[in-house]
Peer 1: 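Got a structure here, written out as C-alpha cells. Questions coming.
Letters A, B, ... mirror the listed sequences (proteins, then strands); counts begin at 1.
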Amino acid sequence: MKEKYYLTTTLPYVNADPHIGFALEMIQADALVRYERLLGKEVVFNTGTDEHGLKIHRKAEEMGIDTQDYCDQYAARFHSLRELLNLSYTNFIRTTDPHHKQAAQEFWKRCDANGDIYKKNYQVKYCVGCELEKTDSELVDGKCPLHIKYDIELIEEENYFFRFSAFQEKLLQLYSERPDFVVPAHRLDEIRKFVEGGLQDFSISRLKEKMPWGVPVPGDDTHVMYVWFDALVNYISTLGWPEDEENFRAYWPGVQVAGKDNLRQQSAMWQAMLLSAGLESSKQIFIHGFITSEGQKMSKSLGNVVNPVDVVEKYGTDPVRFYLLGALPSYEDGDFSTRRFEEFYTAHLVNGLGNLTSRILTMIEKYSDGKIPEKSEDIFDVRAFWGRYDKSFGKFSFDEVVRELNSFVAKCDAKISEEKPWEKAKNGESIDALLYVLVESLRHLAIAFFPLLPESAENILKSLHISHEQIQGEQARAWGVLAKGNEVTKGEILFKRLES
RNA sequence: CGCGGGAUAGAGCAAUUGGCAGCUCGUCGGGCCCAUAACCCGAAGGUUCCCGGUUCGAGUCCGGGUCCCGCAACCA
C-alpha cells in the first residue's frame with residue numbers, strides 16, 4: 001500500500017482578491033506535494049476558502065447581495081488559481097460547506113466536554129464614529145485614529161471562551177520534543193517565547209443577533225462561533241473527520257503551510273484546540289515570509305500590489321512558479337521586482353535549462369541520428385544530486401532546491417564546452433559516451449524540475465518519450481534508464497527570450 | 001529593559017558543529033560555434049554595520065551600541 005501524505009495551506013479569507021503572497025503559499029505547497037508524489041506517496045492536498053465572520057457579512061450587505069452568493073463568487077475566484085498556477089490540490093474546502101459546519105460543531109462539543117469552553121464577560125471596544133468594534137491594534141493611544149474626538153466605548157457582552165491558558169505546559173512540551181515542529185527554527189523560537197510569556201483565554205463566539213454569519217454554537221442558538229474557531233477545524237474536516245475515521249487516520253497528522261502572520265494561530269491556538277479535542281498534533285508547520293513589491297510593502301495606496309493573474313499572463317505559469325520558489329529566500333521575506341524577475345528568468349530558464357535542453361536534443365539529432373546512444377557511465381554522480389535535492393526539500397528550502405538544479409545545468413554546460421563534441425565528431429571520434437551522459441542527465445533534470453515547473457518538465461519528458469508513470473519512485477532515479485535506440489524528438493523552444 | 005527577524009562585492013542572496021569569505025546577476029578581458037546572440041574560461045570588485053571581549057583562529061560565540069523591518073494576542 002502506498003504511503004500517505006497530507007498537506008494543507010491556510011484558507012484565505014474571502015474579503016479580497018487573491019494576491020501574490022497567497023500565490024506563493026499555494027505554489028510552495030504544490031511543489032511539496034508534487035515532490036512527495038514523485039516519491040510514490042498518495043497525497044491529499046487541501047486548500048479552500050474561509051467564509052464566515054463579520055467582515056464578510058458586512059461586505060455582502062454593502063454590496064446588497066446575499067452573503068452566501070457573495071462567498072460563492074469569491075470562492076470561485078480563488079478556485080480559478082488552480083488553472084492559473086497549475087495547482088494539483090485534491091480538496092477545496094469551503095467553511096460554509098454543511099459537512100464542515102457539522103465538524104466544527106462536533107469539535108466544539110469535544111472541547112466543551114473536556115471542560116475547555118466556558119462563558120465569560122467580554123469587553124468590546126466600540127467606536128461610535130465608525131459604528132464598528134475595534135481591536136487594540138487598530139487604536140492609537142486608546143482612540144480610533146479616524147475619530148479622535150470620540151472616546152472608545154466599552155460594551156460588555158457575554159461570550160464563550162476557550163481555555164487556552166490551560167495548554168501552556170503541553171504546548172511547550174510539544175515544542176521541546178519536536179525541534180522541527182515549526183520550520184524555520186527561528187519561528188519555533190518565536191512561538192515558544194510567546195507561549196512562555198503566558199497565555200490568555202480567547203473568545204470563540206459572537207452574539208448571533210449582532211453577527212449571524214457563522215456556525216451556530218451547539219446547544220446555544222444565541223451564539224455563533226468566532227471565525228477562528230470554525231476555520232481551523234477545516235484542516236481535519238476536509239479529511240472527513242469526524243465520521244470517516246479511516247480516511248482521517250490514514251492522513252492525519254499533516255503538514256501545514258502558512259504565512260508568518262499565521263504563526264500563532266497554526267502553531268499555538270490550533271495545537272491547543274487539537275489537544276483539547278483529544279486529537280494528534282500537526283506533523284509539521286512551515287512558515288513562509290511576505291513578499292514586498294519593488295522593495296516596498298505592498299499596499300493599495302502605493303499602487304504597487306502585484307496581482308498573480310497579471311504576472312502569469314505576462315510571463316507564464318512556470319516562470320512565475322520558478323521565481324517565487326527560487327528567487328525568494330524560503331525562510332524570510334522576499335522582493336518581487338520586474339527587473340529581477342526578468343533577470344532570473346533569462347539567466348536560469350532561457351539561458352540555463354531551456355538552452356541546455358535545446359543543445360542536447362540537437363546534438364542527439366545531429367550526431368546520433370535522433371536516437372539514444374549506447375549507455376555509458378554516470379560522471380555527474382546523480383545519486384549524490386538526489387541526496388542533496390531530498391535534503392533541501394526536506395527542510396522546505398525551495399531556494400536551495402533551485403540552486404541545486406541550476407548548478408546541475410551548469411555542470412552539463414561546462415562538460416560540453418570541455419569535451420567539444422562538435423570537434424570530435426568532425427575528427428571522426430565517437431562521442432556517444434558523452435551524448436548518453438547528457439541525455440540521461442536531462443531525464444534526471446526533467447524529473448527533478450517537475451515539482452517546480454510541471455508543464456516545462458513534462459515537455460522535456462515528452463521529447464525523451466518518457467511517460468508520466470516513469471518518473472515516480474526509486475527506479476526513476478537510477479542511472480541508465482534511457483535505452484539505446486529509443487527515439488528522441490526535439491520539441492518547441494521551452495522558454496522564449498524576452499523582448500528587450 | 002515587550003517579542004522576534006535582518007545588516008556580507010554595484011544589486012539580490014549563501015556560508016554544516018568557529019577553520020583560506022562563496023553563489024547568481026551586472027561590469028571588463030579572452031575562448032568557442034553543438035545550442036534560444038545562447039555556452040565556457042579568466043579578472044576586477046569585501047575593514048562581513050560600529051566598538052570591545054573569548055580563541056591559535058570569529059561573518060559565525062559573548063557584551064555594548066547604531067540603523068531597517070515585522071508582531072504586540074480575540075486584526076486571517
Peer 1: Suppose we define a pair by two distances each less than 3.5 Å, Watson-Crick or G-U wobble; what does B/C56 pair with here?
Peer 2: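 Pairing partner: B/G19.
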
Peer 1: Does B/C74 have its OP1 or OP2 closer than 4.0 Å to a side-chain nitrogen or oxygen of A/N159?
Peer 2: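 So the side chain of A/N159 is outside the cut-off, no N or O lying under 4.0 Å from OP1 or OP2 of B/C74.
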
Peer 1: May I ask whether A/F202 stacks on the base of B/C74, given the cut-offs of 5.5 Å between ring centres and 30° between planes?
Peer 2: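 No, the aromatic ring of A/F202 does not stack with the base.
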
Peer 1: Please report, rounded to the nearest Å, how far the P atom of B/U16 is from the CZ atom of A/R403.
Peer 2: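 To the nearest whole Å, that distance equals 12 Å.
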
Peer 1: Is there a side-chain contact between A/K420 and the phosphate of B/C39, meaning an N or O under 4.0 Å from OP1 or OP2?
Peer 2: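 It does not, given that no N or O in the side chain of A/K420 lies less than 4.0 Å from OP1 or OP2 of B/C39.
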
Peer 1: For A/E492, does the CD atom sit with more than 12 other heavy atoms under 6.0 Å from it, leaving out its own atoms?
Peer 2: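 It does not: A/E492 CD has 12 such atoms or fewer within range.
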
Peer 1: A/K496 has an atom NZ; how far is it from atom C1' of B/U36, in whole Å?
Peer 2: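 Taking atom C1' of B/U36 as the reference, NZ of A/K496 is at 11 Å.
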
Peer 1: Looking across every strand, which nucleic acid part, if any, lies under 4.0 Å from A/R340 by heavy atom: base, sugar-phosphate, or nothing?
Peer 2: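 A/R340: backbone/sugar contact only, no base atoms under 4.0 Å.
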
Peer 1: Toward the 5' end of RNA chain B, which comes first, A/E190 or A/H348, by nearest nucleotide?
Peer 2: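 Between the two, 5'-proximity favours A/E190.
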
Peer 1: Kindly say if A/R187 contacts the phosphate of B/G4, meaning a side-chain N or O under 4.0 Å from OP1 or OP2.
Peer 2: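 Answer no for this pair, as no side-chain N or O of A/R187 is under 4.0 Å from OP1 or OP2.
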
Peer 1: Does A/E343 reach a base, just sugar-phosphate, or nothing at all? Heavy atoms under 4.0 Å.
Peer 2: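 Sugar-phosphate, no base atom in range.
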
Peer 1: Quiz question: by atom type and distance under 3.5 Å, do the side chains of A/Y70 and A/E51 form a donor-acceptor pair?
Peer 2: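 No - no donor-acceptor pair under 3.5 Å links their side chains.
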
Peer 1: Can A/F194 be classed as stacking with the base of B/A73, given a centroid separation cut-off of 5.5 Å and a plane angle cut-off of 30°?
Peer 2: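 Stacking is absent between B/A73 and A/F194, given that the ring centres and planes do not meet under 5.5 Å and under 30°.
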
Peer 1: Looking only at non-hydrogen atoms, find the nearest pair between A/S463 and A/G491 and report the distance.
Peer 2: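 Result for this residue pair: OG-N, 3.6 Å.
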
Peer 1: Can you tell me the pairing partner of B/U8 across any strand shown, Watson-Crick or G-U wobble, with both distances under 3.5 angstrom?
Peer 2: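 When the pairing criteria are applied, nothing turns out to pair with B/U8, so the answer is none.
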
Peer 1: Hey, does A/G352 reach any base, or is it just sugar-phosphate, or nothing, if we go heavy atoms under 4.0 Å?
Peer 2: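 Nothing, no heavy atom under 4.0 Å.
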
